[in-house]
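Computed from heavy atoms alone, side chains included, the values below leave out hydrogens, waters and symmetry copies. By convention in this document, chain letters (A, B, ...) are assigned in the order of the sequence lines, proteins followed by strands, and residues within each chain are numbered from 1. What you see is a predicted model, and the numbers here were worked out from it, not measured in a lab.
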Amino acid sequence: DAGVIQSPRHEVTEMGQEVTLRCKPISGHNSLFWYRQTMMRGLELLIYFNNNVPIDDSGMPEDRFSAKMPNASFSTLKIQPSEPRDSAVYFCASSLQTGNGYTFGSGTRLTVV
Amino acid sequence: GQQLNQSPQSMFIQEGEDVSMNCTSSSIFNTWLWYKQDPGEGPVLLIALYKAGELTSNGRLTAQFGITRKDSFLNISASIPSDVGIYFCAGRGSARQLTFGSGTQLTVLP
């Protein structure tokens, strides 16, 4: 199994631009999570999906953030417009069920200048 | 919501020494997990605990699920340079998703 695949690994963009982060969960996993990691706040859960349906998006910081899961093998996290304070590492994780251990991707390091 | 307090925040140890870190929660957890994050990578699951009092080993790593269900610890014996990284505890209680601790940054000095 290739694990959770995230793209791109690195993204540098200018403030105001739209950013789209992509995630392919492990085949057969029905829960998908988006996390943001910063030095100040550690790992923050942004949103999670069960069977492609968003269950809890209370961690999404602002309306500038949106996430979709059009099918079981693909999810996106979009930031529009991006701001410098959005700079962080964004992780996608998946699991068989929400209570099991999660498998994380390698992350996308986002820098907004 | 559920809160996790992980300590210490960072540790500097000599190669060969044993390491201990722990997490406490403000509420009862049903599952405790320990992850390790290498630089530039995502966290990787090390050990999962599902029962109060459970003691589980994975090589040089040993983790325990506290009897009160509000704490867990991770021990690493005879540390080696590749143990360097950030260790996270995670727990699941009444909420469906995991709650993560703030991490313990481990540095192993030669």
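- Remark: the backbone N or O of Q97(B) is not paired with any side-chain donor or acceptor of Y102(A) at under 3.5 angstrom.
- Residues Y87(B) and V44(B) do not share a hydrophobic cluster, defined by chaining ILVMFWY side chains whose heavy atoms lie under 4.5 Å apart.
- The aromatic rings of F104(A) and F100(B) sit perpendicular to each other, their planes meeting at more than 60°, with 30° as the lower class boundary.
- Residue contact with chain B, scored on non-hydrogen atoms closer than 4.5 Å, involves the side chain of Q37(A) exclusively.
- Contacts of E83(A) classified as salt bridge (charged side-chain N to carboxylate O under 4.0 Å, His left out), with partners at least two apart in sequence or in another chain: R64(A), R85(A).
- Enclosure of atom CD in E14(A) is not indicated, since only 12 or fewer non-hydrogen atoms of other residues, nucleotides or ligands lie within 6.0 angstrom.
- How far OH of Y48(A) is from CG of L98(B): 10.0 Å, rounded to the nearest 0.5 Å.
- Heavy atoms of other residues, nucleotides or ligands lying less than 6.0 angstrom from CG of N71(A) number more than 12.
- F73(B) is not connected to I47(B) by any chain of hydrophobic side-chain contacts under 4.5 Å among Ile, Leu, Val, Met, Phe, Trp and Tyr, and they are in different clusters.
- Here CG of L43(A) is found 10.0 Å from OH of Y35(B). Values are rounded to the nearest 0.5 Å.
- Residues from residues 105-112 of chain A that place a non-hydrogen atom less than 4.5 Å from a non-hydrogen atom of chain B comprise G105(A), S106(A), given in numerical order.
- Looking at F91(A) and Q37(B), their side chains come closer than 4.5 Å, going by heavy atoms from C-beta outward.
- Remark: E62(A) CD is packed, more than 12 non-hydrogen atoms of other residues, nucleotides or ligands lying under 6.0 Å away.
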